[in-house]
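Working notes, beginning with the structure itself.
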Amino acid sequence: MSPERLDVALLAAGLARSRTHARRIIDEGRARVDGHLATKPSTPVTAGVKLQVIDVPDGVEYASRAAHKLRGALDALGLDPAGARCLDAGASTGGFTDVLLRRGARSVIAVDIGHDQLAEHVAADPRVTVLDGTSVRDLTPELVGGVVDLLVADLSFISLRTVIAPLARVVRPAGDLLLMVKPQFEVGRAALPRTGVVSDPVARVDAVHGVAEAAAETGLRLRAVGPSALPGQDGNREYFLQLRPTGVTCTPDEVACDMIGDAVRENQPRQRAAPNDSQEE
């Protein structure tokens with residue numbers, strides 16, 4: 001019998017939901033063939049070899065690759081959604097929602113402009129309220145049944161600067177927003193290289209700063225910033241901003257600017273010092 005491709009073999013073995021999912025597993029470095037790391041979907045697999053997928057939380061694959069990004073951000077920034085009422089803006093297949101549920105969220109409102117995209121195990125969770133066909137621009141506390149404790153967002157083909165106000169208005173005072181900034185959608189078409197990858201560190205700093213500035217003008221204060229654990233589209237570097245409503249419009253202070261610059265240039269999370277938090281909040 002001729003060898004199969006690794007992505008086909010993972011699907012046939014029931015270790016992946018589709019070939020696309022199999023390729024994601026391989027790209028994430030979680031596929032093993034006879035105990036050895038396999039990094040190419042085309043790797044030939046012969047009959048009788050042992051296939052394995054490692055790092056499967058609770059025995060069920062996350063709904064999407066993006067889940068690993070949020071998981072890394074929650075850990076790096078010390079955010080715990082346990083017991084929180086949450087909203088996932090741009091839920092898509094539910095990767096972020098999946099993480100929140102596994103981390104003990106009391107409930108999650110999954111908002112997306114599309115329809116019927118949530119992974120089956122996410123949509124079936126009784127803690128999930130699905131708001132399909134809903135633009136994040138239209139979010140109000142009335143629409144989502146009241147303000148939430150934590151809002152997470154993974155949006156594509158749109159600048160966060162244009163939707164920061166409706167995102168902010170559904171989060172309670174002392175709640176948090178955790179937004180994934182994608183520089184490729186923040187720099188503007190004219191400044192985006194033909195490769196689609198924002199490789200200039202200065203441009204990445206400016207992209208993150210632009211979102212932080214729009215947030216400050218909306219009454220949100222930057223508490224932390226950190227790089228995503230995984231690259232985004234075409235290898236773009238992405239960053240998480242943790243923001244908290246203050247009700248006071250302003251511009252990013254010197255500490256916020258330094259945090260953004262350090263996080264982007266050094267690829268390390270940066271947080272506002274605790275003494276400043278207690279004084280300013």
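FYI, the numbering just counts along the sequence from 1. Keep in mind that the numbers below use all heavy atoms, side chains included, and drop hydrogens, waters and symmetry copies.
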Polar side-chain atom of R30 near backbone of I54 as donor-acceptor pair, under 3.5 Å: yes
Would you say the side chain of V171 lies within less than 4.5 Å of the side chain of P245, judging by non-hydrogen atoms? yes
dist I260:CD1 -> E213:CD (nearest 0.5 Å) comes out at 9.5 Å
Side-chain touch D176/L151, heavy atoms, less than 4.5 angstrom: no
Does the side chain of P227 reach to within under 4.5 Å of the side chain of E238, using non-hydrogen atoms? no
Considering non-hydrogen atoms only, spot the tightest contact between S42 and R5 and give its length. CB-NH1, 3.6 Å
Nearest heavy-atom neighbours spanning P81 and L150: CB-CD2, 3.9 Å
Distance from L10 atom CG to R32 atom CZ, nearest 0.5 Å? 11.5 Å
Between D55 and R71, is the closest basic N to carboxylate O distance under 4.0 Å? yes
Can you find a heavy atom in the side chain of V198 that is under 4.5 Å from one in the side chain of R237? no
When you measure from the side chain of T218 to the backbone N and O of A214, does any donor-acceptor pair fall under 3.5 Å? yes
Do S228 side-chain atoms and P231 backbone N/O form a donor-acceptor pair below 3.5 Å? no
Answer yes or no: is there a side-chain heavy-atom contact under 4.5 Å between L241 and L178? no
State plainly whether the residues D75 and R103 are in salt-bridge range, i.e. N to O under 4.0 Å. yes
Please tell me whether V45 and L37 are part of a single hydrophobic cluster in this structure, the criterion being side-chain heavy atoms less than 4.5 Å apart. no
side-chain contact (heavy atoms from CB on, under 4.5 Å) between V136 and L167: does it pass, once the steps are laid out? CA-CA 7 Å; V136 296; L167 296 180; 4.2 Å; yes
Run the side-chain donor-acceptor check on residues 84-91: report pairs under 3.5 Å with partners two or more places apart or on a different chain.
{"unit_1": "R85", "atom_1": "NH1", "unit_2": "G146", "atom_2": "O", "d": "2.8"}
{"unit_1": "R85", "atom_1": "NH1", "unit_2": "V147", "atom_2": "O", "d": "3.1"}
{"unit_1": "R85", "atom_1": "NH2", "unit_2": "V144", "atom_2": "O", "d": "2.5"}
{"unit_1": "D88", "atom_1": "OD2", "unit_2": "T97", "atom_2": "N", "d": "3.1"}
{"unit_1": "D88", "atom_1": "OD2", "unit_2": "T97", "atom_2": "OG1", "d": "2.7"}

What distance do F240 atom CZ and L79 atom CG have between them, rounded to the nearest 0.5 Å? 10.5 Å
Are side-chain N/O atoms of E186 and S159 paired as donor and acceptor at under 3.5 Å? yes
Do the charged groups of K50 and D34 touch, with an N to O distance under 4.0 Å? no
Which heavy-atom pair separates I113 from S135 by the least distance, and what is that distance? CD1-N, 3.7 Å
Spacing of CG belonging to D154 relative to CZ belonging to F96, to within rounding of 0.5 Å: 4.5 Å
For side-chain contact (heavy atoms from CB on, under 4.5 Å), just list the numbers for N236 and K182, CA-CA rounded to whole Å, side-chain angles, deciding distance to a tenth of an Å, and then say yes or no. CA-CA 8 Å; N236 269 295; K182 302 179 178 183; over 6 Å; no
Flag yes if more than 12 heavy atoms outside E120 fall under 6.0 Å of its CD atom; otherwise flag no. no
From L220 CG over to Q242 CD, what is the distance, rounded to the nearest 0.5 angstrom? 11.5 Å
Spell out, yes or no, whether V211 and V202 are grouped together once hydrophobic residues are joined by side-chain heavy atoms under 4.5 Å, including indirect joins. no
SB check R23 E28 (cutoff 4.0 Å): no
Quick check: do H209 and C257 have side-chain heavy atoms less than 4.5 Å from each other? yes
Can V122 and T93 be said to form a side-chain contact (heavy atoms from CB on, under 4.5 Å), step by step? CA-CA 8 Å; V122 175; T93 56; over 6 Å; no
Looking only at atom types and distance, does a side-chain atom of R127 sit under 3.5 Å from a main-chain N or O of L101, one as donor and one as acceptor? yes
What are the two closest non-hydrogen atoms of I26 and P41, and how far apart are they? CD1-CA, 3.7 Å
Does the side chain of D234 reach to within under 4.5 Å of the side chain of T195, using non-hydrogen atoms? no
Ignoring hydrogens and angles, tell me if any N or O in the side chain of R244 forms a donor-acceptor pair with the backbone of G175 under 3.5 Å. yes
So, the side chain of D112 versus the backbone of S92: is there a donor-acceptor pair under 3.5 Å, distance only? yes
Less than 4.5 Å apart, any side-chain heavy atom of L15 and any of L51? yes
For A203 and V187 the tightest heavy-atom approach is O-CG1, 4.1 Å
Distance alone, cut at 3.5 Å: any donor-acceptor contact between the side chains of Q268 and D262? no
Minimum heavy-atom distance between P201 and V264, given as atom pair plus value: O-CG1, 4.0 Å
Between atom NE2 of H68 and atom CG of L230, what is the distance when rounded to the nearest 0.5 Å? 7.0 Å
Check this for me, if you would: do D258 and R270 make a salt bridge, where the nitrogen-to-carboxylate-oxygen distance has to be below 4.0 angstrom? no
Answer yes or no: is there an ion pair linking D253 with R272, defined by an N-O contact shorter than 4.0 Å? yes
Would you tell me whether D7 and H21 have side-chain atoms, one donor and one acceptor, within less than 3.5 Å of each other? no
Main chain of P141, side chain of R169: is a donor-acceptor contact present, judged purely on distance under 3.5 Å? no
Side chains of Y239 and R204: do they bring a donor and an acceptor to under 3.5 Å? yes
Angle between ring planes, F185 versus F157, binned at 30° and 60°: parallel, tilted or perpendicular? tilted
Tell me whether T134 contacts the main-chain N or O of D132 through its side chain, where contact means a donor paired with an acceptor under 3.5 Å. yes
Worked check of side-chain contact (heavy atoms from CB on, under 4.5 Å) between V197 and Q184: CA-CA 7 Å; V197 178; Q184 63 270 32; over 6 Å; no
Using modelled atom types and a 3.5 Å cut-off, is there a donor and acceptor pairing between side-chain atoms of T246 and backbone atoms of G219? yes
